[in-house]
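In what follows, a structure is listed as structure tokens, so that the remarks can point back to it.
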Amino acid sequence: APAFLFKDGFDSWRDTPRYRFDDPKDLLHAVKARLRDPAMKARVKRMDRWFNIVAAALAVAYAVFQGMFVGAISRSYATVFDGYATADPVPLHQSIVVQAVLATLCVFGAMLFLYKSGIIKVTQKFRAIVSMAVLGYFVFALINLGYALFFGGAPFGIGGSGLLGIGISLFATGLAAVNLAIDFDNISLAIRTQAPVNYGWTLALGLVITVVWLYLELLRLLARLRS
């Protein structure tokens, strides 16, 4: 460690050496020169290539797992509400799964229009409020799950299929919808700042997670309404 760190009465703001951008011997210039070295460039390029492969593999694996998970949940809802396991299922346009998928597409399109038209502006305050709401809803969801599993709660947990339960589902659906605006803004920001291409996998994965969350909340809302 540098000797100045062990100086008596060390003050980080006063005693830490200041970097001079106009000094070619400065550490910052040495680091930049090292990064321009062909061998270092080749090493960074190899690391970046492996990162792309790993990120793509993880994203695809997660998408497959989430597809199986969502498919199993959709089938269970279809069995209960659509008579999927009987000889006389409901018509396709009345299927709760089909209606949830169509509703998800409609909400996605509406939020994209609201964001692109500037009606919804994603600011730092907007992000902070939505983040706190998501955190609060996550804590509530854990409590709700414990109530339904261990305390003999209603099938949908707190609120059941009554007005309270429908209100909770409407809030959760709206929360998932506004998260789409944040995802759109993240993508727009990455394009404007010319972010690395591999960052696209992270943004795509975040968008998929939000869309799946929205679909599950709409499925839950339709199930509560039908109950």
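Numbering starts at 1 and runs along the sequence shown.
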What pairs with Arg49 under salt bridge (Lys or Arg N to Asp or Glu O under 4.0 Å), at least two apart in sequence or on another chain? none
Mutual orientation of the aromatic rings belonging to Tyr115 and Phe184 [parallel < 30°, tilted 30-60°, perpendicular > 60°]: tilted
On a heavy-atom basis, the closest approach of Ala177 and Val107 is CB-CG1, 3.8 Å
Do you reckon Tyr137 sits in the same ILVMFWY cluster as Ile129, going by side-chain contacts under 4.5 Å, direct or chained? no
Could you tell me if the side chain of Ile168 sits less than 4.5 Å from the side chain of Phe140, heavy atoms only? yes
Co-membership, hydrophobic cluster, residues Leu145 and Leu164, 4.5 Å side-chain: yes
In terms of heavy-atom contacts, does CD1 of Ile119 have more than 12 from other residues, nucleotides or ligands at under 6.0 Å? yes
Take Asn186 and Arg127, measure what side chain to side chain contact (heavy atoms under 4.5 Å, CB included) needs, and give me the verdict at the end. CA-CA 11 Å; Asn186 289 337; Arg127 289 175 179 269; 2.8 Å; yes
Which value, rounded to the nearest 0.5 Å, describes the distance between Leu214 atom CG and Thr104 atom OG1? 4.5 Å
One should read off an interatomic distance between Leu170 CG and Arg224 CZ, to the nearest 0.5 angstrom, of 9.5 Å
Looking only at heavy atoms, which two atoms of Leu219 and Ala100 are closest? And how far apart? CD1-CB, 3.6 Å
Any side-chain heavy atom of Leu180 sitting closer than 4.5 Å to one from Val211? yes
Which of Gln94, Arg226, Arg75 passes side-chain hydrogen bond (donor to acceptor under 3.5 Å, both in side chains) with Asp82? Answer is Arg226
Would you check, one step at a time, whether the test side chain to side chain donor-acceptor pair (under 3.5 Å) holds for Asp183 with Thr210? CA-CA 8 Å; Asp183 289 328; Thr210 305; 2.6 Å; yes
Heavy atoms, side chains only, cut-off 4.5 Å: are Gln99 and Leu102 in contact? no
State plainly whether one hydrophobic cluster holds both Phe69 and Val101, where clusters connect Ile, Leu, Val, Met, Phe, Trp and Tyr through side-chain heavy atoms under 4.5 angstrom apart. yes
Straight-line distance of Thr173 OG1 to Tyr215 OH, nearest 0.5 Å: 13.0 Å
Is there a chain of hydrophobic side chains (I, L, V, M, F, W, Y, each step under 4.5 Å between heavy atoms) that links Ile182 to Leu135? no
Would Val208 and Val70 show up in the same hydrophobic cluster when neighbours are defined by side-chain heavy atoms closer than 4.5 Å? yes
Would you give the length of the straight line joining atom CE of Met111 to atom CZ of Phe108, rounded to the nearest 0.5 angstrom? 10.5 Å
Measure up the Phe81 and Tyr77 rings against each other and bin them: parallel (under 30°), tilted (30 to 60°), perpendicular (over 60°). parallel
Under the side chain to side chain contact (heavy atoms under 4.5 Å, CB included) test, residues paired with Leu225 that sit two or more places apart: Ile166, Leu221
Are Leu175 and Glu217 side-chain neighbours, meaning at least one heavy-atom pair lies under 4.5 Å? no
Roughly how far apart are Phe126 CZ and Thr123 OG1, rounded to 0.5 Å? 7.5 Å
Of all heavy-atom pairs between Arg220 and Ser169, which one has the smallest distance, and what is that distance? CG-OG, 4.1 Å
